[in-house]
Amino acid sequence: QVQLVESGGGLVQPGGSLRVSCAASGSIFSINAMAWYRQAPGKQRELVATITSSGSTNYADSVKGRFTISRDNAKNTVYLQMNSLKPEDTAVYYCNAYAKATMMSPAYDYWGQGTQVTVSS
């Protein structure tokens with residue numbers, strides 16, 4: 001199985017920056033796309049950014065130009081650098097990986113437990 005553990009969340013003032021990380025561990029044969037989602041109170045989970053194994057990225061319109069997703073394939077880790085944060089960015093941020101645990105197993109979606117990001121003065 002693949003385990004994902006996020007870190008780096010916290011409280012930040014509007015206009016500030018924060019970087020969250022997600023490390024994958026366990027039985028990992030390969031990791032294809034990785035992504036960050038977020039869920040604000042009372043709202044559905046939404047896609048924030050994705051990155052393929054080759055480094056191609058995609059962003060939600062609401063974070064374009066402010067957030068940057070990156071990954072270190074050697075460390076099986078994905079990052080989300082968040083700049084110019086706004087109160088509406090407040091949410092629990094979840095890491096997602098589409099990965100194969102073994103060569104013979106199909107790829108599955110794996111999720112982290114989430115990390116809280118609060119943007120407030």
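Each residue takes its place number in the sequence, starting with 1.
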Is there a path of hydrophobic side-chain contacts, each under 4.5 Å between heavy atoms, that joins [X] and [Y]?
X: Tyr94; Y: Val63; answer: no
X: Leu85; Y: Tyr79; answer: no
X: Leu80; Y: Tyr37; answer: no

Q. Is the Trp36-Phe67 ring centre distance short of 6.0 angstrom?
A. no

Decide yes or no for [X] and [Y]: does some side-chain heavy atom of the first lie under 4.5 Å from some side-chain heavy atom of the second?
X: Pro87; Y: Ser120; answer: no
X: Tyr110; Y: Gln1; answer: yes
X: Thr50; Y: Thr57; answer: no
X: Asp109; Y: Asn96; answer: yes
X: Arg71; Y: Thr77; answer: no
X: Val92; Y: Thr115; answer: no

Closest heavy-atom contact between [X] and [Y]?
X: Ile51; Y: Ser70; answer: CD1-CA, 3.8 Å
X: Val2; Y: Ser27; answer: CG2-O, 3.3 Å
X: Ala97; Y: Leu4; answer: N-CD1, 3.7 Å
X: Gly10; Y: Leu18; answer: N-CD2, 3.8 Å

Compute whether any side-chain donor of one residue and acceptor of the other, for [X] and [Y], lie under 3.5 angstrom apart.
X: Thr90; Y: Glu88; value: no
X: Ser53; Y: Asn32; value: no
X: Ser54; Y: Thr52; value: yes

Please check: side-chain N/O of [X] versus main-chain N/O of [Y], any donor-acceptor pairing under 3.5 Å?
X: Tyr59; Y: Ile69; value: yes
X: Glu6; Y: Gly114; value: yes
X: Thr118; Y: Leu11; value: no
X: Lys100; Y: Ser30; value: no

message = Whether Asp89 and Lys86 form a salt bridge (side-chain N of Lys/Arg under 4.0 Å from carboxylate O of Asp/Glu) is what I want to check.
response = no

Using a 4.5 Å cut-off between side-chain heavy atoms of Ile, Leu, Val, Met, Phe, Trp and Tyr, which other residues end up in the same hydrophobic cluster as Met104?
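Direct or chained contacts put Met104 with Phe29, Met103.
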
Just one of Glu46, Arg45, Lys43 clears the side chain to side chain contact (heavy atoms under 4.5 Å, CB included) bar with Arg38, so which one?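 The residue from Glu46, Arg45, Lys43 that satisfies side chain to side chain contact (heavy atoms under 4.5 Å, CB included) with Arg38 turns out to be Glu46.
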
- Item | Chi angles and distances behind the side-chain contact (heavy atoms from CB on, under 4.5 Å) call for Gln81, Ser17 | CA-CA 7 Å; Gln81 176 68 43; Ser17 298; 3.9 Å; yes

Is there a side-chain contact (heavy atoms from CB on, under 4.5 Å) between Gln113 and Cys95? Walk through the geometry before answering. CA-CA 8 Å; Gln113 82 288 351; Cys95 174; over 6 Å; no

